Amino acid sequence: MTTSTDNSQFIAFFGATGGCTNACLTHTLQAGFQATALARTPSKLTNMLLEQGLSQAVIDSQLTIIKGDIANIAAIKAVLTKNTFGTDHVQVASQIISGVGGTPVLNKSVTKPVTIDNPEICAQATRNIVQALTEIKAHDRPSITVISTTGVSDVKEDVPFWFRFLYHYMLADPHVDKKEMERIVTENSSSTGVFRGSVIIRPSLLVSDQNIKKGKGWKKLRVGTEENPAIGYTVGRQDVGEWIFEQVIKTGGESHFGQRVTITN
Ligand SMILES: NC(=O)c1ccc[n+]([C@@H]2O[C@H](COP(=O)([O-])OP(=O)(O)OC[C@H]3O[C@@H](n4cnc5c(N)ncnc54)[C@H](OP(=O)(O)O)[C@@H]3O)[C@@H](O)[C@H]2O)c1
């Protein structure tokens with residue numbers, strides 16, 4: 001298998017039926033980029049994009065949807081590659097955006113009040129993307145952007161005082177998964193890793209949905225780094241998605257490589 005870089009670059013999306021990533025994908029397609037996406041239920045993704053105002057023609061000509069679960073390495077490889085010139089000539093995505101996450105489960109438990117239906121989903125998704133890229137043996141390395149959370153920093157407190165019990169006690173279990181995802185991303189973003197760079201997004205509590213018409217706009221967000229975090233209570237999913245589009249996809253994201261970007265209202 002050989003690889004190439006040409007002008008038909010594309011962005012690979014995982015978790016694009018989630019609010020942040022769906023908004024990001026919508027902006028990406030609106031701007032004319034080519035994209036691929038993994039979806040457990042492709043019709044759900046298509047319907048969400050149509051509701052965002054995209055036409056079926058735009059979806060058909062710019063987006064390739066691969067049906068599958070993040071546990072399926074073959075499906076991940078199909079999202080990450082395109083056979084542009086024939087079966088032995090494979091192009092790899094220039095950027096990967098992942099907003100994969102599980103569904104919170106509320107428990108009648110004092111020690112574990114909030115768990116996730118699939119407690120290792122974020123780490124598993126990232127590990128499987130790494131495995132898929134390793135097996136593809138691509139010469140060109142994509143960047144990766146993942147959606148993590150505030151409240152997982154070992155460097156500086158980035159959660160406002162009144163949310164600290166929620167984040168550090170009630171959400172402690174889901175945060176173990178996010179920390180492991182961040183570790184895998186960082187470990188594989190060295191000069192020899194499968195990623196040429198990485199951006200870790202740490203939004204505050206997500207509110208609203210993917211509807212890009214209802215966002216407040218990415219320029220109005222407060223944005224910080226791990227060392228100098230932007231501390232706030234909530235942020236809209238559509239605004240997080242728009243920020244990723246404007247600051248990572250459109251620019252290539254290099255200025256944020258290696259950063260843990262806190263985003264809040
Ligand atoms: N809730 C918060 O306040 C908060 C705060 C900070 C960060 N976060 C994190 O930010 C990320 C984005 O959140 P969001 O609300 O925008 O999206 P979300 O609703 O959590 O969406 C999760 C996405 O992951 C996909 N997914 C789950 N399991 C999968 C599997 N086994 N195989 C393939 N895809 C799978 C879902 O697909 P389906 O449509 O098929 O289910 C969906 O597209 C999540 O990781 C979330 O935990 C959340």
Side-chain angles (χ1 to χ4, degrees), residues 12-26 36-49 65-76 78-79 96-106 114-129 132 144-153 158-160 163 166-168 170-182 185 199-212 215 221 229-230 232-245 260-265:
F13 287 81
F14 297 90
T17 48
C20 302
T21 313
N22 188 266
C24 185
L25 175 58
T26 301
T36 57
L38 181 75
R40 295 192 285 193
T41 315
S43 59
K44 178 179 175 183
L45 177 55
T46 306
N47 288 338
M48 288 175 79
L49 295 172
I65 302 176
I66 307 293
K67 179 178 166 60
D69 192 281
I70 199 69
N72 184 335
I73 302 290
I76 296 175
V79 176
I96 299 167
I97 310 292
S98 179
V100 171
T103 306
V105 179
L106 297 177
V114 182
T115 52
I116 295 287
D117 60 342
N118 182 347
E120 295 179 3
I121 182 72
C122 295
Q124 182 201 15
T126 315
R127 207 175 282 122
N128 288 354
I129 291 170
I144 188 166
T145 299
V146 293
I147 304 176
S148 180
T149 180
T150 51
V152 296
S153 176
D158 58 6
V159 177
F163 268 14
L166 169 71
Y167 269 72
H168 299 319
M170 294 186 72
L171 295 172
D173 218 37
H175 287 180
V176 172
D177 184 34
K178 293 283 191 289
K179 283 185 101 160
E180 178 62 4
M181 171 181 72
E182 291 194 5
V185 164
V199 185
I200 291 170
I201 308 292
R202 288 177 171 172
S204 51
L205 191 73
L206 293 173
V207 293
S208 191
D209 59 19
Q210 67 277 358
N211 189 338
I212 62 167
L221 301 177
Y233 287 94
T234 61
V235 64
R237 286 177 170 83
Q238 63 276 79
D239 292 325
V240 172
E242 187 181 21
W243 189 92
I244 296 171
F245 169 69
R260 290 160 166 80
V261 182
T262 49
I263 302 186
T264 192
N265 279 329

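Note that the coordinates shown come from a computational prediction; the quantities given were computed from them, not determined experimentally. Atoms within each ligand, like the ligands themselves, are counted from 1 in listed order. No hydrogens, no waters, no symmetry mates; every other heavy atom, side chains included, goes into these values.
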For ligand 1, which atoms sit closer than 4.0 Å to a heavy atom of [X]?
X: Lys178; result: 9 (C), 45 (O), 46 (C), 47 (O)
X: Gly19; result: 14 (P), 16 (O), 17 (O)
X: Asp69; result: 30 (C), 31 (N), 32 (N)

### Message
If you measure every N or O of Cys20 against every N or O of ligand 1, does any of those distances drop under 3.5 Å?
### Response
yes
### Task
May I ask you to check whether Leu206 has an N/O atom sitting below 3.5 Å from an N/O atom of ligand 1?
yes
Below 4.0 Å from ligand 1: does a non-hydrogen atom of [X] turn up there or not?
X: Ser204; answer: yes
X: Leu205; answer: yes
X: Thr41; answer: no

Identity and distance of the protein heavy atom lying nearest [atom]:
atom: atom 36 (C) of ligand 1; result: Thr17 OG1, 3.8 Å
atom: atom 40 (O) of ligand 1; result: Arg40 NE, 2.9 Å
atom: atom 32 (N) of ligand 1; result: Ile70 N, 2.9 Å
atom: atom 15 (O) of ligand 1; result: Arg237 NE, 2.7 Å

### Query
So which bit of Gln210 gets within less than 4.0 Å of ligand 1, heavy atoms only: side chain, backbone, both or neither?
neither
### Query
Does a side-chain N-to-carboxylate-O contact under 4.0 Å join Arg202 and Glu182?
yes
Given [options], identify the one with the heavy atom nearest to [atom].
atom: atom 18 (P) of ligand 1; options: Ser148, Gly18, Cys24; result: Gly18
atom: atom 27 (C) of ligand 1; options: Gly101, Gly68, Pro104, Gly151; result: Gly101
atom: atom 20 (O) of ligand 1; options: Ala71, Gly15, Gly102; result: Gly102

### Task
Rounded to the nearest 0.5 Å, what's the gap from CG on Asp209 to CG on Leu206? Could you check?
11.5 Å
